[in-house]
Amino acid sequence: MLFDTHCHINDEAFAEDRQEMLERAFAAGVEYMLCPGTNLETSASAVQLAHEYTQVYAAVGIHPEDAASVPAEAFSQIRRWIVEEPKVVAIGEVGLDYHWPEPVRQVQQEVFIEQVELAAELDVPLVIHDREAHGDVVDILRRYGKGCRGIFHCYSGSFEMAKELIKMGFYIGFGGTTVFPKSHKLKDIAARLQADRILLETDCPYLTPPPYRGKRNEPAYVRFVAKEIARLRGRDEEAVQQMTMENGKRIFSIP
Ligand SMILES: [Zn+2]
């Protein structure tokens, strides 16, 4: 059984066939899914999907790409979802993305800090998006997120940084990029990292693993990530599925 810990199943890419896509996931053995929000609208649709499907849990938050236009009520709404909705199990996805010049870094940082402080206060995990911003993300977590835990989704740092993050209370999410033939660094990390901090994800509809690379990604394909990690670690696939399932339920406090 599989846990896709990061899937945008609320994305408009699935508008035409969401039900069929989810049925393919269930048939592929996906037992749990975590759908993160990126702004108030997609957070609301993630919460809605968590209401509709027992297998779906939600995270709510403002993504760095949406940091320039945050409505005044955003953080009180995020707080309300966390407090009132039992299947809202994390704040995310939040973080920093320095790949593009906009929104400017200071704006991204302010929105991230606000949500890190909220996670610390409400004692919920963070789902972190960190693109080309490792130093500042870790810095903000250390300064504003005392005791914070969570996930670095679609991990792109070094092995040494991953070990440091684990010490801080974080888990490491591996997705389709782990399966790409040229991802040597990521494969090495997936092979060596301590077993109880590894999570599987798709980040669908993006980052589709082989053999479907180039097509739309969906949670059913998380099995290809499990298969690759099993190969890298010399374990059987079932053991990897079970270990990552237990890890996912632990970080999100799912009974
Ligand atoms: Zn994402």
Side-chain angles (χ1 to χ4, degrees), residues 2-15 18 21-22 25 30 32-50 55-68 70 74 78 81 87-100 103 108 111-112 115-116 119 124-134 137 141 150-157 165 170-180 183 186 198-209 212-213 215-222 224-225 244 248 251-252:
L2 291 152
F3 193 155
D4 186 348
T5 60
H6 195 105
C7 49
H8 298 279
I9 52 174
N10 53 347
D11 194 274
E12 60 192 24
F14 302 114
R18 186 166 289 109
M21 173 271 290
L22 289 170
V30 179
Y32 292 91
M33 286 171 260
L34 188 284
C35 178
T38 54
N39 52 39
L40 281 191
E41 208 181 353
T42 54
S43 292
S45 60
V47 175
Q48 181 58 35
L49 283 172
Q55 298 90 340
V56 177
Y57 288 75
V60 292
I62 310 291
H63 191 282
E65 278 176 34
D66 287 66
V70 182
I78 289 167
W81 274 319
K87 288 183 79 188
V88 175
V89 292
I91 292 181
E93 59 179 293
V94 302
L96 301 173
D97 192 323
Y98 290 171
H99 187 70
W100 310 107
Q108 292 190 35
V111 171
F112 182 39
Q115 297 177 99
V116 169
V124 286
L126 285 158
V127 176
I128 306 256
H129 173 102
D130 162 23
R131 192 174 184 199
E132 297 168 24
H134 305 323
V137 168
L141 289 171
I151 294 151
F152 272 65
H153 114 80
C154 195
Y155 186 66
S156 60
L165 294 173
F170 285 83
Y171 289 60
I172 307 297
F174 294 92
T177 50
T178 317
V179 192
F180 294 174
S183 300
L186 202 51
I198 294 176
L199 297 173
L200 305 179
E201 64 170 76
T202 55
D203 200 22
C204 67
Y206 316 105
L207 300 173
T208 314
Y212 295 109
R213 193 169 180 182
K215 304 214 169 66
R216 185 188 70 175
N217 200 1
E218 59 178 60
Y221 301 162
V222 78
F224 300 116
V225 183
T244 51
I251 185 62
F252 294 123

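Heavy atoms only: backbone and side chains are in, while hydrogens, waters and symmetry mates are out. Indexing begins at 1, ligand by ligand and atom by atom, following the structure's order. Model, not experiment: these values are computed from the prediction.
The Zn ion (ligand 1) has no N, O or S atom of His153 closer than 2.8 Å. Among the atoms of His8, an N, O or S atom falls under 2.8 Å from the Zn ion (ligand 1).
Under the 3.5 Å distance criterion, with hydrogens and angles disregarded, no donor-acceptor pair is assigned to the side chains of Glu65 and His99. Using a 3.5 Å distance cut-off with no hydrogens or angles, the side chains of His63 and Asn39 do not pair a donor with an acceptor.
Here the N, O or S atom of Asp203 that is nearest to the Zn ion (ligand 1) is OD1. Glu93 contributes atom OE2 as its closest N/O/S atom to the Zn ion (ligand 1).
Glu41 CD: 12 or fewer foreign heavy atoms inside a 6.0 Å radius.
Ring-centre distance between Phe252 and Tyr57: not below the 6.0 Å cut-off.
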